[in-house]
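I have placed the structure first, in the form of structure tokens, so that the comments after it can refer back to it.
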Amino acid sequence: MILAGFGVKAVRVLACLMMVFAGASAYAQSGGQGADARQLWQLLDYVAVDYSGAVQGGEVISEGEYSEMLEFTQTAAARLQALPPTESKDEIASLVQNLGQAVRDKADAAQVAEIAHQANALLLKAYPMPVAPDHVPDLQVGARLYATHCASCHGVGGAGDGVAAAGLDPAPIAFTDADRAASRSVLALYQVISQGVEGTSMASFAALSDDERWALAFFAGGMAYDDAMRERGRDIWNNDPKAKALYQDLAAVATTSQAEAARTLDADAARDLTAFLRAEPAVVAAAEQSGVSLARQRLAESLAALRAGEHAAASSLALSAYLDGFELIEPMLRARNASLLTEVEDAMLAYRSAVGSRDAAAAGQVAGRLDGLFARVDDEMGQSQAAPLTTFLGALTILLREGLEALLIVIGIIAFLKKAERPDALKAVHAGWVLALVAGALTWVAATYLVTISGASRELTEGLGSLLAAVVLLGVGLWMHQKSAAGRWQEYLHRKVSGAMSRRSAWGLFALAFIAVYREVFETVLFYSALATDGNGGALLAGFAVAVALLAIVAWILLRTSARMPIGKFFSLTSILVALLAIVLAGKGVSALQEAGWIDVLPVAAPRIEILGVYPTLQTLAAQAIVLAIIVVCFALQRRKGAGRA
């Protein structure tokens, strides 16, 4: 009869003292120091949960329970002294002392619970202990175990009205009691399942596997909630960033009670979110494997591997910290705080550089700086949804930034073909950019409903696409400048360009238009998907519409200007523009491949100007310098040949 006597005040002292003064075998099984810390945690948790039954309005309403509270706080102080010293031990001791004084002063129950929970939060950080399951609990297993071992006492629905309840003294508790459910954590249930309660029909069920005990604890801990609460909790989890900031891992779900959650969320939201997460803890486990939480974990593992001399593992984990963790929240953070995003990206590159040079001391310093930056990211992402104006500006600037590059390339090709009087070749260009938009729409559907696009896939797509476009643009720019220097445009266009295009260039023009547009659409889709999670759909669509209108105006101006420009001047200016775009894309392509781990990173003292493809690394600047040198040398040679012919 699992949990049959849990919560009965008459046996609490005996049950708690048994956990505190457990025998040597139980101590060893729990892991020595970890068992001591866990027992201290449960003492403080008991005070937080049960104090309201002892004191109300500054008056003792139950002498027996009040005596328990006094004894528990005294035992907690003594148990803390037996733990080894840590940086936080004195702060924990101060909180435990304050807790004891609050109990003696008959303080308000909310104040006592808050002090106890603060002490427990520090305790878990100072003395790491297993407070969460190793695997996602299987609630179906929990339901079967409850039906087999608990329903006869606690009732099929958890109301404490099982067929065997009448013969039990003390009576089994009702898991459907909303007040107790609000104060009770899953970890507290797990502890009682594991150790039992002496003097009651609640025996220890340590014979069950650890996964089974956690599954049962999660199932029993959710019996006070109904389906409507769970559905509302699902909406909160999906739409409120504060929910994910509060529950970053399974440990938070196991140790956080509904009452604790209500200090961050409103009471109804805390109840509904608790109902949902105890019923579907898998969503937290999935979130734990992405974002800042995973980035922190991978970074810590990387630093540990580097200090152990495992350089390959350290490098791989450092890359995973960015691609599998931080990269996934980058679009949303860019819309909210672009400068903070830049700081994190620069620090991540600096860390990978330190790992590459096997400098553990430097890596440790950068890791410390990253920890502070991640805390700021948590604060930023933990705020309520972004303001509609923020979403509007984010949608507007993202599409303008990404669309302008593609627009310049496509408009340049279209203007050239019009000057060459080749309207038939325009079909290939239009087919390229239209198909790129279609592919972008399919990417949005896939990213939203079918698959998760990994950080590595994103960076490789951007990097390889940028470099390919840069190579093609470099060739086009040099070719245009050669013809500009040679002069006699009309003859060239009518006699040579037409034939060359009809034979070889249609597919090349199609590919260039497709690559130039799709790489920008791809990134825009990912950014917009992130912005959509804030729920400001109207502001998002408004930003998109305004950006499209502005891009259309720019396209019209460019086409009108190029149509009126003398042909020699047009080709000369266009060749320079195309060459400059090749330099920009070369920098962006190398930077993306660095983030994907394909190219090493060596930071240098240089500004970051993303719109120009300038990044503070030796490799990106070197790539741009090489492209610039090729352009300068080729342009000079072509000018010299043109002057000689003249």
Side-chain angles (χ1 to χ4, degrees), residues 6-17 19-20 36-81 83 88-127 131 173 177-189 191-192 197 221 224 246 252 254-267 270-271 274:
F6 178 51
V8 181
K9 308 303 181 184
V11 298
R12 275 297 173 82
V13 175
L14 181 58
C16 193
L17 291 179
M19 286 183 287
V20 174
D36 284 341
R38 181 180 287 189
Q39 291 160 3
L40 174 58
W41 184 93
Q42 185 139 14
L43 280 169
L44 298 175
D45 185 70
Y46 273 156
V47 174
V49 174
D50 292 346
Y51 178 80
S52 61
V55 177
Q56 290 184 6
E59 299 293 333
V60 176
I61 61 174
S62 172
E63 289 292 344
E65 293 187 17
Y66 184 63
S67 296
E68 287 182 20
M69 298 299 104
L70 292 172
E71 184 169 0
F72 286 175
T73 55
Q74 292 170 1
T75 305
R79 176 57 59 186
L80 177 61
Q81 294 304 314
L83 292 176
S88 304
K89 184 175 181 180
D90 290 342
E91 189 175 357
I92 298 171
S94 177
L95 287 170
V96 171
Q97 183 180 0
N98 293 341
L99 179 65
Q101 188 62 51
V103 171
R104 291 191 292 273
D105 293 342
K106 305 178 183 63
D108 182 72
Q111 179 184 350
V112 169
E114 183 175 357
I115 297 173
H117 288 144
Q118 288 177 353
N120 265 346
L122 284 177
L123 185 68
L124 293 178
K125 292 181 180 179
Y127 302 96
V131 295
I173 67 166
D177 185 326
D179 291 335
R180 288 198 56 82
S183 301
R184 188 170 53 219
S185 69
V186 175
L187 177 59
L189 290 170
Q191 291 281 63
V192 172
V197 179
L246 181 61
T255 60
T256 303
S257 67
Q258 175 186 323
E260 290 177 88
R263 294 203 295 270
T264 302
L265 309 169
D266 65 66
R271 178 200 62 207
T274 300

**Prompt:** Can you list the steps and then say if Tyr51 with Leu99 is a side-chain contact (heavy atoms from CB on, under 4.5 Å)?
**Reply:** CA-CA 11 Å; Tyr51 178 80; Leu99 179 65; over 6 Å; no
**Request:** With side-chain contact (heavy atoms from CB on, under 4.5 Å) as the test, would you mind laying out the steps for Leu43 and Thr75 before giving the verdict?
**Result:** CA-CA 8 Å; Leu43 280 169; Thr75 305; 3.9 Å; yes
Nearest-0.5 Å distance that lies between atom [atom1] in [X] and atom [atom2] in [Y]:
X: Leu44; Y: Gln118; atom1: CG; atom2: CD; result: 12.0 Å
X: His117; Y: Ser183; atom1: NE2; atom2: OG; result: 7.5 Å
X: Trp41; Y: Leu187; atom1: CH2; atom2: CG; result: 3.5 Å
X: Leu122; Y: Asp90; atom1: CG; atom2: CG; result: 11.5 Å
X: Arg271; Y: Leu265; atom1: CZ; atom2: CG; result: 12.5 Å
X: Lys106; Y: Ile61; atom1: NZ; atom2: CD1; result: 13.0 Å

Show the nearest heavy-atom pair for residues [X] and [Y], with the distance to one decimal.
X: Ile115; Y: Asn98; answer: CD1-O, 4.2 Å
X: Ala76; Y: Leu40; answer: O-CD1, 3.4 Å
X: Ala270; Y: Gln258; answer: CB-O, 3.7 Å
X: Ala107; Y: Gln111; answer: CB-OE1, 3.6 Å

**Prompt:** Are Leu83 and Leu123 close enough, and set up right, to give a side-chain contact (heavy atoms from CB on, under 4.5 Å), and what steps lead you there?
**Reply:** CA-CA 11 Å; Leu83 292 176; Leu123 185 68; 4.2 Å; yes
**Item:** Any donor-acceptor N/O pair, Ser185 side chain to Ala188 backbone, under 3.5 Å
**Value:**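 Checked: pair present.
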**Item:** Residues which pass side-chain hydrogen bond (donor to acceptor under 3.5 Å, both in side chains) with Asp108, listed by chain and number, not counting sequence neighbours
**Value:**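 Once residues adjacent in sequence are excluded, Asp108 has no partner under the side-chain hydrogen bond (donor to acceptor under 3.5 Å, both in side chains) criterion.
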**Request:** In sequence, state the C-alpha distance, the side-chain angles, and the governing distance for Phe72 and Val103, and then conclude on side-chain contact (heavy atoms from CB on, under 4.5 Å).
**Result:** CA-CA 10 Å; Phe72 286 175; Val103 171; over 6 Å; no
**Asked** Among side-chain atoms of Glu260 and Ser257, is any donor-acceptor pair under 3.5 angstrom?
**Response**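 Result is yes, a qualifying pair exists.
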